[in-house]
Amino acid sequence: QLQLVESGGGLVQPGGSLRLSCAASGSALKNYAIGWFRQFPGKEREGVSCMDVSDGRTYYADSVKGRFSVSRDNEKNTVYLEMNSLKVEDTAVYYCAAPDFPTCRHPVWLTAMYKYWGQGAQVTVSS
């Protein structure tokens, strides 16, 4: 059973950077696509990115494209979400998630497709 744990959240000023980690246990993360989602207070989770296993192709939501990037370290069984040029509106709880298959199937941001979820990491962007 795959288990995911996020870390690296915190408080950062607008324009700053933060890197979230998603560490996996129980199974090899390299066998799963990895999605990142975020949730604003009172709102449903929205997709941020999804990375395929096979070719590393990564999808990004328009709201984060060019500012966020995903990388994967298979030896550490960890995926990272690098967030740059952070804005106040990026403040949310961020989750990593994995479907039970290695590709990002469309619609990529459908939360019901993701079987495994981390506990979430709070990211607060404020001056």
Side-chain angles (χ1 to χ4, degrees):
Q1 179 90 354
L2 181 67
Q3 294 181 325
L4 304 173
V5 177
E6 298 99 339
S7 62
L11 174 65
V12 63
Q13 292 188 339
S17 299
L18 208 59
R19 187 178 77 163
L20 300 181
S21 300
C22 174
S25 61
S27 188
L29 200 56
K30 64 181 181 180
N31 296 322
Y32 301 87
I34 285 292
W36 285 93
F37 291 78
R38 62 186 180 183
Q39 189 166 20
F40 305 111
K43 299 290 182 72
E44 293 186 358
R45 291 180 190 180
E46 66 173 37
V48 173
S49 70
C50 185
M51 174 184 269
D52 275 345
V53 168
S54 56
D55 56 6
R57 179 175 182 176
T58 308
Y59 301 86
Y60 293 99
D62 288 343
S63 58
V64 305
K65 203 172 292 183
R67 300 188 298 122
F68 290 14
S69 63
V70 178
S71 61
R72 181 194 294 257
D73 187 332
N74 289 334
E75 288 189 4
K76 294 184 177 180
N77 219 22
T78 301
V79 173
Y80 304 97
L81 178 67
E82 186 76 36
M83 303 182 291
N84 299 311
S85 302
L86 282 162
K87 305 175 182 180
V88 172
E89 52 264 40
D90 292 319
T91 296
V93 178
Y94 284 72
Y95 299 87
C96 62
D100 216 1
F101 38 82
T103 58
C104 301
R105 298 180 183 176
H106 295 275
V108 176
W109 313 130
L110 183 62
T111 56
M113 283 202 300
Y114 293 80
K115 181 176 180 180
Y116 309 101
W117 290 85
Q119 84 286 358
Q122 176 69 48
V123 171
T124 302
V125 185
S126 174
S127 56

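Position 1 is the first residue of the sequence, and the numbers go up from there.
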Pairs meeting criterion side chain to side chain donor-acceptor pair (under 3.5 Å) with involvement of residues 1-23, two or more places apart: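 Every pair satisfying side chain to side chain donor-acceptor pair (under 3.5 Å) with a residue in residues 1-23: Ser17-Asn84.
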Do Leu20 and Trp36 touch side chain to side chain, with heavy atoms closer than 4.5 Å? yes
On a heavy-atom basis, which atom in [X] and which in [Y] lie closest, and how many Å separate them?
X: Leu29; Y: Arg72; value: O-NH1, 2.9 Å
X: Gly8; Y: Leu18; value: O-CG, 3.6 Å
X: Lys76; Y: Thr78; value: O-OG1, 2.8 Å

To which residues is Phe40 joined in a hydrophobic cluster, defined by side-chain heavy-atom contacts under 4.5 Å among Ile, Leu, Val, Met, Phe, Trp and Tyr, whether direct or through other members? none
Pairwise distance [atom1]([X]) to [atom2]([Y]) - rounded to 0.5 angstrom:
X: Gln122; Y: Thr91; atom1: CD; atom2: OG1; value: 7.5 Å
X: Ile34; Y: Leu81; atom1: CD1; atom2: CG; value: 11.5 Å
X: Leu4; Y: Ser27; atom1: CG; atom2: OG; value: 10.0 Å

For residues 11-49, pull every pair meeting disulfide (SG to SG under 2.5 Å), keeping only residues two or more places apart or in separate chains. Cys22-Cys96
Kindly write out the residues that satisfy ring pair (Phe, Tyr, Trp, His ring centres under 6.0 Å) with Tyr80, not counting sequence neighbours, or none if the list is empty.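 Partners of Tyr80 under the ring pair (Phe, Tyr, Trp, His ring centres under 6.0 Å) test: none.
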Tell me every residue that passes salt bridge (charged side-chain N to carboxylate O under 4.0 Å, His left out) with Lys65, counting only those two or more places apart in sequence or in another chain.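 For Lys65, the residues satisfying salt bridge (charged side-chain N to carboxylate O under 4.0 Å, His left out) (neighbours in sequence not counted) are Asp62.
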By side-chain contact (heavy atoms from CB on, under 4.5 Å) - contacts of Lys87 (at least two apart):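 Counting only residues at least two positions away or on another chain, Lys87 forms a side-chain contact (heavy atoms from CB on, under 4.5 Å) with Arg67, Glu89, Asp90.
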Counterpart residues, side-chain contact (heavy atoms from CB on, under 4.5 Å), relative to Ser127 (two or more places apart):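 Here the qualifying residues are Pro14.
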Could you pull out all donor-acceptor pairs under 3.5 Å where a side-chain atom in residues 45-53 meets a protein atom, sequence neighbours excluded?
| residue | atom | partner | partner atom | Å |
| --- | --- | --- | --- | --- |
| Arg45 | NE | Gln39 | OE1 | 3.2 |
| Glu46 | OE2 | Arg38 | NE | 2.9 |
| Glu46 | OE2 | Arg38 | NH2 | 3.3 |
| Asp52 | OD1 | Cys104 | N | 2.4 |

Name all pairs fulfilling the salt bridge (Lys or Arg N to Asp or Glu O under 4.0 Å) condition that reach into residues 100-127, sequence neighbours left out, sorted by first residue then second.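 For residues 100-127: Asp100-Lys115.
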Do any pairs count as a salt bridge (Lys or Arg N to Asp or Glu O under 4.0 Å) and have a residue in residues 116-127, sequence neighbours left out, and if so which ones? none
Qualifying residues under side chain to side chain donor-acceptor pair (under 3.5 Å), relative to Ser25, sequence neighbours excluded: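 Listed in chain order: nothing, the list is empty.
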Listed once per pair and sorted, the ring pair (Phe, Tyr, Trp, His ring centres under 6.0 Å) pairs that draw on residues 82-127, sequence neighbours left out: Tyr32-Tyr116, Phe37-Tyr114, Phe37-Trp117, Tyr59-His106
Verify same cluster id: Val70, Val123 (apolar side-chain graph, 4.5 Å): yes
